[in-house]
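Report on the structure given below.
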Amino acid sequence: MKVLIIEDHQELARNIHDFLASEGYICELCDTFDAAREKLELFSYDCILLDISLPDGNGLNLLNLIRTEHPQSNVLIISARNALDDKVAGLENGADDYLTKPFHLAELHARIRAIYRRKNLEGANIVQFNEISLNTDTLEARVGDKLLDTTRKEFDLLLYFLVNKNRVLSRQSIAAHLWGDYTDNLANFDFVYQHVKNLRRKISGAGGNDYIGTVYGLGYKFIAANREA
Amino acid sequence: MKLNNKFTLWYLAVMLLVLLIGGAIVYYEIQWKIDRVEVVRHQGLNDLIADQIRQGGDYANHPTRKRATITLLAPDSIPASLESFYTHGPGWNPEFQRREYKLIVTSFYKIGGHIYRISSYSFIPSFYQLLPGVVDSFKWILLLLLIMVAISARLISKYILAPFKRTLKVIQSFDLKKRQPLRLPQTQTDEFRELSGFLQKMTDKALEDYQLLKEFTENAAHELQTPTAILRGKLELLMESDIRDEQAILIAEMQNSLEKLSRINSSLILLARLENQEYVAGQPIDFSEFLRETLAFFEELIQMKSLTLRTHIAEHVLLPINRSLADLLLTNLLSNAIRHNTLHGNIEVILSRSGLVISNTGNPPGGPTAELFQRFKKGNQSADSVGIGLAIVKQICDLHNFNIQYKYVYNQHILEILFQPEAHASKLLQNVDRTLHPEPLK
């Protein structure tokens with residue numbers, strides 16, 4: 001998948017680039033409005049990460065260009081401004097999602113995958129990994145043919161793991177993914193632990209492999225390598 | 001004491017003093033004037049008698065001689081000055097058989113080579129006879145003045161102080177957060193104009209400072225977002241690398257702090273935005289439905305902590321509140337109720353048309369509850385919150401003129417929100433207990 005990262009903060013852009021590159025994405029960076037416009041006129045991308053506040057222009061103005069030139073591209077706005085009207089304006093102008101800084105890279109990845117699933121795999125919203133399959137339409141999780149009795153949160157969690165396979169997911173990142181960052185409550189770590197525990201129990205109960213491992217001190221990891229276990 | 005009364009009292013004191021001095025002046029003036037008139041009269045009488053002597057004839061029993069003494073001075077007893085003079089003082093009045101105030105005018109005349117001394121006298125009203133009249137008349141004047149000053153002070157001060165009172169009213173309703181510059185009424189009085197000018201300048205400055213402070217907070221918070229995002233990303237990339245356990249712990253601790261930082265940041269931005277009134281309430285939303293949805297969102301958390309949830313939700317409670325804000329409000333309140341709960345505790349949620357009550361079991365608050373709605377004040381200093389959730393809740397309530405109260409009774413934390421507080425309207429009208437910086441609830 002080809003991704004264009006339009007972000008004026010070099011370091012942040014590099015973070016995103018490194019993370020997505022290791023997922024096998026082909027990423028290009030540009031840090032100004034003009035450079036972005038130039039690239040968009042010449043090439044096409046599957047996904048465009050757009051920062052609204054660019055040094056030489058408002059990223060929202062790029063949206064029109066993207067909509068006319070590359071209607072098939074997915075656009076995810078990343079912004080430091082959590083203003084509601086920005087969000088609304090962005091989504092109304094054809095952006096597919098909106099992410100506020102600071103975000104977890106795993107969350108960004110999950111969002112990109114979600115948009116991609118929504119737009120590019122019409123109807124076939126199945127995420128499959130070995131014996132585990134998730135239907136993102138019906139929110140059904142299966143191990144083999146067995147339907148798992150998962151709650152909404154557990155489903156979200158499993159999907160988050162599947163999208164970010166072989167990555168360490170911090171408890172903060174999981175908590176933010178499951179409960180958003182509305183509340184004053186810092187990561188509901190106990191709850192994260194409970195959710196993960198329940199999920200592992202349910203998968204094992206249905207005869208699935210236990211892919212989810214604990215990473216000491218940090219969080220959890222969905223280990224895709226030990227399929228022979 | 002009212003300014004008005006103070007002025008009146010002082011005026012009265014001054015008036016009393018002036019009247020006393022005035023009374024003395026009037027008395028002496030009258031006494032002197034009477035003396036003068038009598039002296040002139042007796043001088044005339046003396047002249048008349050001298051004329052009679054010049055003409056000759058018998059005037060011995062003439063009425064002119066009744067109170068006059070004529071003496072032919074021997075040449076050796078002629079005084080140096082032949083000027084007329086008068087004396088006065090108490091003297092015996094044989095007609096009334098009592099001592100009275102006697103005035104004697106003595107003149108010298110040169111008639112046919114002889115010097116005559118002619119003295120005439122009469123009895124005039126004395127000090128003690130005049131005094132009661134003077135005192136009496138001044139008593140009446142004083143009374144009249146008292147009444148007039150008391151009445152006019154009220155009427156005139158009402159007129160003169162009107163601009164001052166208007167100014168006072170305007171200042172009382174001044175609210176930094178509304179960001180409306182002070183509009184003071186025009187006045188012709190110099191002092192009030194000066195006061196208005198000063199107030200205007202002061203409030204303008206306060207508004208400006210407030211604005212700057214707010215912008216600073218907002219900008220600082222915004223500017224911190226990107227570095228935080230970068231840090232977080234770097235840490236996540238670092239996590240992927242081959243690290244030892246001790247390093248993992250360090251990273252986890254950094255992540256915790258970073259998480260806290262980012263929450264404080266986004267909360268500050270949110271608060272600033274709330275103060276800026278950036279969230280406009282659209283159509284009234286069905287709060288009952290909203291509450292149910294939010295409760296469903298928390299269902300699993302409630303189960304995990306083995307809490308018992310009791311709800312009593314009235315149907316179709318419509319509230320004019322922005323959806324995002326309603327979400328924030330409920331999310332914060334409910335997550336608080338879950339977090340500050342005990343294992344196997346309970347939560348009770350009651351929604352009616354007049355208000356929302358959320359109560360939950362929990363340990364007693366560690367600090368003064370009045371400060372709970374302030375930023376960065378926590379009931380107990382547990383490290384897993386930044387203490388800004390209730391500040392946000394309070395801000396949202398203020399924005400919608402809801403009244404929020406917190407109580408801790410019988411091991412229950414009770415948060416009560418009144419949608420239409422009765423006190424609200426009258427409080428605004430009086431405006432007495434509103435300060436520039438609204439205090440937390442008492």
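Treat the numbers as computed from the prediction; the structure is a model and nothing was measured. Numbered from 1 within each chain, the chains take letters A, B, ... in sequence-line order.
For B:Ile243, the part lying near chain A is the side chain, with the backbone staying farther off; criterion is any non-hydrogen pair under 4.5 Å. If you measure heavy-atom distances from B:Ile338 to chain A, the contacts under 4.5 Å come from the side chain alone. Using a 4.5 Å cut-off between heavy atoms, A:Asp51 makes no contact with chain B at all. Interface remark: A:Leu178 contributes backbone atoms only to the contact with chain B (heavy atom separation under 4.5 Å). Residue B:Gln255 touches chain A through both its backbone and its side chain, counting heavy-atom pairs closer than 4.5 Å. Proximity to chain B (any heavy atom under 4.5 Å) is shown, for A:Ala13, by neither the backbone nor the side chain.
Note that the CZ atom of B:Phe297 and the NZ atom of A:Lys153 stand 4.0 Å from one another [nearest 0.5 Å]. Here the straight-line distance linking atom OG of B:Ser262 with atom NE2 of A:His104 works out to 7.0 Å at 0.5 Å rounding. Going from atom CD of B:Gln225 over to atom OG1 of A:Thr100 covers 8.0 Å, rounded to the nearest 0.5 Å. Summarising the geometry, atom NZ belonging to A:Lys101 is positioned 13.0 Å from atom CZ belonging to B:Arg232; distances are rounded to the nearest 0.5 Å. Between the OH atom in A:Tyr216 and the CD atom in B:Glu246 there is a gap of 8.5 Å [rounded to 0.5 Å]. Atom CD in A:Gln10 sits 9.5 Å away from atom CD1 in B:Ile230 (nearest 0.5 Å).
Among A:Asn198, A:Leu105, A:Leu218, the residue making the largest number of heavy-atom pairs under 4.5 Å with chain B is A:Leu218. Ranked by heavy-atom pairs under 4.5 Å with chain B, the first of A:Asp18, A:Leu169, A:Val215, A:Val168 is A:Val168.
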Item to check | Stepwise side chain to side chain contact (heavy atoms under 4.5 Å, CB included) check, A:Glu107 with B:Glu236 | outcome: CA-CA 11 Å; A:Glu107 177 70 30; B:Glu236 276 172 10; over 6 Å; no

Next on the checklist: Determine whether A:Gln194 and B:Glu300 satisfy the following criterion, side chain to side chain contact (heavy atoms under 4.5 Å, CB included), listing intermediate values before the conclusion.
Outcome noted: CA-CA 10 Å; A:Gln194 291 261 15; B:Glu300 287 177 52; over 6 Å; no

Checklist entry - Can you list the steps and then say if B:Met239 with A:Ser170 is a side chain to side chain contact (heavy atoms under 4.5 Å, CB included)? => result CA-CA 9 Å; B:Met239 275 182 348; A:Ser170 65; 4.2 Å; yes

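Classification of A:Glu11 and B:Lys234 as a salt-bridged pair holds, one side-chain N sitting under 4.0 Å from a carboxylate O.
A distance-only check finds no donor-acceptor pair linking the side chain of B:Glu259 to the backbone of A:Gln172 [under 3.5 Å].
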